[in-house]
Amino acid sequence: MHNIKEIRTNIEGFKKSLQKRYLDLNVDVILELDEKNRKFIHDKENLEKEKKEISKSKDKTLFEKSKVISIEIDKISKLQSDIKNKLDNILSSIPNIPLDDVPLGKDESSNKEILQSGEIPKFSFKPKSHYELGEKLNMLDFDLATKTTGSRFVFVKDKLALLERALSNFMLDMHTMKNDYKEISPPLIATDNTMFGTGQLPKFENDQFEIKLDDSTDRKFLIPTAEVILTNIVKNKIIEKKDLPMRMVASTPCFRKEAGSYGKDTKGMIRQHQFYKVEMVSIVENDNCISELERMTNCATKILDLLKLPYRKIMLCTGDMGFSAEMTYDIEVWLPSENKYREISSCSSCGSFQARRMKARYKNENNETVFVGTLNGSGLAVGRTLVAILENYQQEDGSIIVPKILRPYMNNMEKIDKI
RNA sequence: GGAGAGAUGGCUGAGCGGUUGAAAGCACCGGUCUUGAAAACCGGCAUGGGGGCAACUCCAUCCUGGGUUCGAAUCCCAGUCUCUCCGCCA
């Protein structure tokens, strides 16, 4: 959420920033609404002052006049709040502004590769896709999910279910024991206001699963990522400086409609309506966002290092970043069947963008109340990690070697085999 | 599901129709004292918005939304949330 005051005082700068996002937005409309809004506020306040003085004077002869003023105030208030709503609607749909170091570009072709790591496996046979492997093992069942639920769902069974659970546990252990994150098991449902805080609403409502829970006035949604519910822990709070940074991690199912991705990744479990993800969230002092982003990204890549999966780290360009981000690293894991890297984690700094929407603040060293910085990153997407293990660790006979680091989490199983 | 109680500043907590934006305490910041710290004492300390270069000033806000009144933190209605008791239940 952008500060209208800042926009007003730096129109050209704001326009330029939006151009980085390749956004076609009429800034003049914003300024016009802002001006109208302020005029109404001004008029309204003058009347309110007059009314206040009458009531203070307790002069009965003026009471009738006060009534007339009240009616006038109501009229102006209505006009003012309509304008303000329009303005807020526009402002809350404008994405965060990229940091200067973010490469300029419209789409993923302008993303910048930072590094590659790990050895891409060589196969003496044609590597199969994860869904072929999983179906042959009788441990991934897409048809069954279609029958019970619909497309873009899957039944994970038997040893792969264990592998999935092992991955969650392994990742959580790393982040809690080595990386200083506090484990949270949060609600999987969030209110509309919570969804607004992290930026899923109002613009991306079509991607969300709304559910009917009760007749309360707020709306409820299944979380598309634990980022939503973890970040909003600090909503409407003023945090003590000594309590920062706050680092939290959760393993949760995530629910996404994936509207607009028809025909994309329709096979397999790359793109599902429901998937597990281990999510890291950091709440930091605003100046520490960049260093925390580096730290968080390292926490994510460390998991891939330990699993011995080849990956690369890229910085997303201005046009490819998510709505709330000011800088994003994507981590992409190597998938032999596709012969390319696929996203397995995305770590973003949101600066104070989400904090402003959530009204999440802290007292800085000058005792001023200022907005916190928020960051989120997958550490990692569990479903896609499962995919990566199946494909990278596959054997010619269709069995899967269990990565060494996971074996303690899987009753020391060394291989996933049919039977 | 039934019956009650409550929601006030960063926190705790008074106030229950008219200088109350709000007592008091804690926390925090500045000062005196101290070799330094602690204690004690003095002072400061809510948020959002409008106007002004600024000192400053105006408006709103005591859970949310309506209503009564010249005037509402205080009265009325609706909603949300929290707590206690009873019932049901993983």
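Predicted model, so just to flag it, every value in this text is computed and none were measured. Here is the naming used below: chain letters follow the sequence lines, and residue numbers restart at 1 for every chain.
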Side chain of [X]: nearest nucleotide among [options]?
X        : options                   : result
Lys58(A) : rG49(B), rG18(B), rU47(B) : rG18(B)
Lys49(A) : rC59(B), rG10(B), rC70(B) : rC59(B)
Arg38(A) : rC59(B), rG51(B), rG18(B) : rG51(B)
Ser70(A) : rG71(B), rA60(B), rG50(B) : rG71(B)

Have a look at [X] and say if it touches a base, only the backbone sugar-phosphate, or nothing, with a 4.0 Å heavy-atom cut-off.
X         : value
Thr369(A) : sugar-phosphate
Lys52(A)  : sugar-phosphate
Ser55(A)  : base
Lys359(A) : nothing
Arg8(A)   : sugar-phosphate
Lys44(A)  : nothing
Lys5(A)   : sugar-phosphate

Rounded off to whole Å, could you give me the [atom1]-to-[atom2] distance for the [X] and [N] pair?
X         : N       : atom1 : atom2 : value
Phe40(A)  : rC58(B) : CZ    : P     : 25 Å
Glu53(A)  : rU57(B) : CD    : C1'   : 13 Å
Gln80(A)  : rG48(B) : CD    : P     : 18 Å
Ile69(A)  : rU69(B) : CD1   : C1'   : 15 Å
Lys84(A)  : rA60(B) : NZ    : P     : 17 Å
Ile73(A)  : rC58(B) : CD1   : C1'   : 14 Å
Leu244(A) : rG10(B) : CG    : C1'   : 13 Å
Asp243(A) : rC11(B) : CG    : P     : 13 Å

Which one is paired to [N], where only Watson-Crick or G-U wobble pairs with both distances under 3.5 angstrom count?
N       : result
rC89(B) : none
rA60(B) : rU47(B)
rC53(B) : none
rU19(B) : none

Point to revise | Within 45° cone of Phe209(A) ring axis and under 6.0 Å: Arg256(A) NZ or CZ | key: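 The answer is no, since Arg256(A) fails at least one limit relative to Phe209(A).
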Check your understanding: Is it the case that Lys313(A) places NZ or CZ above or below the six-membered ring of Tyr329(A), under 6.0 angstrom from the centre and within 45 degrees of the axis?
Key ->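 Yes, a cation-pi geometry holds between Lys313(A) and Tyr329(A).
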Review point. Does Lys203(A) NZ have over 12 foreign heavy atoms under 6.0 Å away?
Key: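 More than 12 heavy atoms, drawn from other residues, nucleotides or ligands, come within 6.0 Å of this atom.
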For the [atom1] atom of [X] and the [atom2] atom of [Y], what is their distance to the nearest 0.5 Å?
X         : Y         : atom1 : atom2 : result
Tyr311(A) : Asp305(A) : OH    : CG    : 3.5 Å
Ile7(A)   : Asn10(A)  : CD1   : CG    : 10.0 Å
Gln394(A) : Leu133(A) : CD    : CG    : 4.5 Å

Check your understanding: Asp74(A) or Phe63(A): which one's nearest nucleotide on RNA chain B is closer to the 5' end?
Key ->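 Result of the comparison: Asp74(A).
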Practice item. Would you mind telling me which residue lines up with the more 5' stretch of RNA chain B, Ile54(A) or Arg361(A), judged by nearest nucleotide? Key: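 Going by which nucleotide is closer to the 5' end, it is Arg361(A).
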Check your understanding: Checking only heavy atoms, does the side chain of Glu45(A) share a donor-acceptor pair with the base of rG49(B) at less than 3.5 Å?
Key ->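 Answer yes: a donor N or O sits under 3.5 Å from an acceptor.
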**Study point:** Distance, C1' atom - from rG10(B) to rU19(B), rounded to whole angstrom
**Key:**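 Nearest-Å result for rU19(B) against rG10(B) at atom C1': 27 Å.
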Point to revise | Presence of salt bridge, Lys51(A) and Glu48(A), under 4.0 angstrom | key: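 Result for this pair is no, no salt bridge flagged.
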Check your understanding: Does OP1 or OP2 of rC70(B) have a side-chain N or O of Lys51(A) closer than 4.0 Å?
Key ->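 Indeed not, no polar side-chain atom of Lys51(A) lies that close.
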